[in-house]
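This report concerns only the one structure given below.
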Amino acid sequence: MRILGIETSCDETGVAIYDDQQGLLSHQLYSQIKLHADYGGVVPELASRDHVKKTLPLIREALKEAGLTKDDIDGVAYTAGPGLVGALLVGATIGRSLAFAWDVPAVPVHHMEGHLLAPMLEDNPPPFPFIALLVSGGHTMIVEVKNIGDYTILGESIDDAAGEAFDKTAKLMGLDYPGGPLLSRLAEKGTPGRFKFPRPMTDRPGLDMSFSGLKTFAANTISANDDSEQTRADIAHAFQEAVCATLVIKCKRALQQTGLKRVVIAGGVSANKQLRIELETLANKIGGDVYYPRTEFCTDNGAMIAYAGMQRLKNGDTAPLSVKAMPRWPIDQLTPVKEEARS
Ligand code: KG4
Ligand code: ZN
């Protein structure tokens, strides 16, 4: 069985084709970063309009890359939420309409379930159960994953997402959007220990997190110091260290609380090298393992939507003949995929 996956929830148009026997057959990605760079963040209306232009050409490219035609496709999956409502509606309308025209099922996919399952596309996929640290531009949460669709949110950010904190702090430092990867690169040149940022909400029990205070702390540190390249790198280093340490402390607690030893990190911030290193150190200490997607599948992409879509298609989670986008859609509202539907 083959499924086409479409991702348009934010500022990336992603399209991919996944085959349940052969794996990923093709994937195409178009990033709108340049379009939004002048504004320092995603402009929702511009994002929607660009998805309108890019989605169909990318679908043609994905079919061509896989050497397939529409007749080889058994279902069309699209991100139905959470995300920017206009951007979601573009993918949902195109996906639902194509499925109707091709006479195959349409499959609405939860964007964060896509991220969570992205490591399943790798050679060494994580066995269930595990803890998932989902860290993106819009969400930060720790989820206990018993199986596909069987999710319990153990903790989440009560304010900014980790990626959002990276981007806002990067902006304060004069870096372009999205600043997460740029800040991380700058941090590599930083002097460890020159600045010390707090580790928010780690001095009390629980797995919820807060990152908006770090941005304020960064703003105060920036204004109290010179703006030399070294000082900027030192501040970036201290900020990144605080975010990573906080996430690692919370993951350690989640592992202790659940008795699990496997951690999956996914979402844009899972591309962060420092975070990967620190989680691997934690896992080594407890005899556990860390899993993450290849770097290009950490950030938004069509492959993860095609993969998650295939699992949902087999489970019969198809859409009626209407278009629905869900800008807010808690991941723990998803239904578990039934034993017989698992491949
Ligand atoms: O998952 P994603 O592509 O989009 C959402 O679903 O939000 O995540 C994008 C976020 C941005 O905030 C970006 O700055 C951050 O991931 N990001 C990083 C890195 N690469 C991407 N943050 C820190 N370090 C990185 N290397
Ligand atoms: Zn995402």
Side-chain angles (χ1 to χ4, degrees), residues 5-14 16 29-33 36-37 40-42 44 47 51 78-84 87-88 91 109-119 132-141 143 156-157 160-173 175-188 190 211-212 214-215 218 236-237 239-248 264-279 292-305 307-308 327-329 331:
I6 304 171
E7 157 62 34
T8 65
S9 70
C10 191
D11 59 349
E12 253 106 28
T13 319
L29 189 72
Y30 176 80
S31 170
Q32 302 178 352
I33 282 178
H36 303 291
V42 179
H51 287 308
Y78 50 85
T79 305
L84 302 171
L88 289 167
V109 171
H110 190 289
H111 181 78
M112 298 311 290
E113 178 169 64
H115 275 305
L116 193 157
L117 297 177
L133 173 65
L134 301 182
V135 270
S136 72
H139 297 85
T140 294
M141 55 184 126
V143 183
E156 55 193 327
S157 175
D160 290 354
E164 190 180 357
F166 262 99
D167 294 342
K168 286 178 175 171
T169 302
K171 197 172 180 178
L172 289 171
M173 302 187 73
L175 299 170
D176 286 341
Y177 181 84
L182 300 176
L183 189 150
S184 170
R185 219 167 298 148
L186 183 61
E188 283 172 18
F211 293 105
S212 69
L214 286 181
K215 169 194 65 197
H237 188 281
F239 168 82
Q240 174 171 272
E241 188 182 45
V243 175
C244 293
T246 305
L247 292 170
V248 171
V264 160
I265 9 168
V269 185
S270 65
N272 187 279
K273 277 193 220 143
Q274 192 58 32
L275 180 60
R276 291 180 174 195
I277 292 170
E278 290 188 27
L279 277 174
Y292 37 78
R294 71 193 85 163
T295 309
E296 64 179 328
F297 293 164
C298 287
T299 43
D300 293 348
N301 64 85
M304 67 184 196
I305 301 306
Y307 180 83
R328 290 187 189 285
W329 184 8
I331 197 169

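Along the sequence shown, the residues carry numbers beginning at 1. Note that ligands are numbered from 1 as they come in the structure, with each ligand's atoms numbered from 1 the same way.
When ring centroids are compared, Phe166 and Phe239 come within the 6.0 Å threshold.
Nearest to atom 3 (O) of ligand 1 among the protein's heavy atoms is Asp300 N, 3.0 Å. In this structure, the protein non-hydrogen atom closest to atom 23 (C) of ligand 1 is Asn272 ND2, 3.6 Å. For atom 20 (N) of ligand 1, the closest non-hydrogen atom of the protein is Gly268 O, 3.4 Å.
If you look at Asp167 next to ligand 1, the close heavy atoms, those under 4.0 Å, all belong to the side chain. Contact annotation for His139 and ligand 1: no heavy atom of the residue comes within less than 4.0 Å of the ligand. By the criterion of a heavy-atom distance under 4.0 Å, the side chain of His111, and not its backbone, is placed next to ligand 1.
Listed by atom number, the atoms of ligand 1 under 4.0 Å from His115 heavy atoms are 1 (O), 6 (O). Atoms of ligand 1 found under 4.0 Å from any heavy atom of Thr299, numbered from 1 in the order shown, are 3 (O). Each of the atoms 12 (O) of ligand 1 lies under 4.0 Å from some heavy atom of Gly163. Close approach to Ala271 involves these atoms of ligand 1, each under 4.0 Å from a residue heavy atom: 20 (N), 26 (N). Close approach of ligand 1 to Gly138 is summarised as follows: ligand atoms under 4.0 Å from at least one heavy atom of the residue are 7 (O).
Distance alone, capped at 3.5 Å, places no donor-acceptor pair between the Arg328 side chain and the Pro82 backbone. At distances below 3.5 Å, not a single donor-acceptor pair connects side-chain atoms of His51 with backbone N or O atoms of Gly91.
Between the CD atom of Gln274 and the CG atom of Leu247 there is a distance of 12.0 Å, given to the nearest 0.5 Å. Separation of atoms CD1 (Ile305) and CD1 (Ile6) is listed at 10.5 Å; rounding is to 0.5 Å. To the nearest 0.5 angstrom, Asp11 atom CG is 5.0 Å from Tyr177 atom OH.
No side-chain heavy atom of Asp160 sits less than 4.5 Å from a side-chain heavy atom of Leu214. Looking at Val248 and Leu279, their side chains come closer than 4.5 Å, going by heavy atoms from C-beta outward. Using a 4.5 Å cut-off on side-chain heavy atoms (C-beta onward), His115 and His139 make no contact. Under the 4.5 Å side-chain criterion, counting only non-hydrogen atoms from C-beta, Glu164 is not in contact with Ser136.
For Arg294, the salt bridge (Lys or Arg N to Asp or Glu O under 4.0 Å) partners two or more places apart in sequence, or in a different chain, are Glu122. For Glu296, there are no salt bridge (Lys or Arg N to Asp or Glu O under 4.0 Å) partners two or more places apart in sequence or in a different chain. Shown here are the side-chain hydrogen bond (donor to acceptor under 3.5 Å, both in side chains) partners of Glu156, two or more places apart in sequence or in another chain: there are none.
Ranked by closest heavy atom to atom 22 (N) of ligand 1, the top entry among Gly180, Ala162, Gly14 is Gly180. With Pro82, Gly137, Pro181 as candidates, the residue nearest to atom 25 (C) of ligand 1 on a non-hydrogen basis is Pro181.
Between Gly179 and ligand 1, a contact under 3.5 Å exists for no N or O pair. The N/O atoms of Phe166, backbone and side chain alike, include none that comes under 3.5 Å of an N/O atom in ligand 1.
Ligand 1 does not have Met112 within reach: every non-hydrogen atom of the residue lies 4.0 Å or more from it.
Residue-and-atom listing of protein N/O/S atoms under 2.8 Å from the Zn ion (ligand 2), sorted by chain and number: His111 NE2, His115 NE2, Asp300 OD1.
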TODO: Check the pair His111, Asp300 against side-chain contact (heavy atoms from CB on, under 4.5 Å), reporting the backbone distance first and the verdict last.
DONE: CA-CA 9 Å; His111 181 78; Asp300 293 348; 3.0 Å; yes
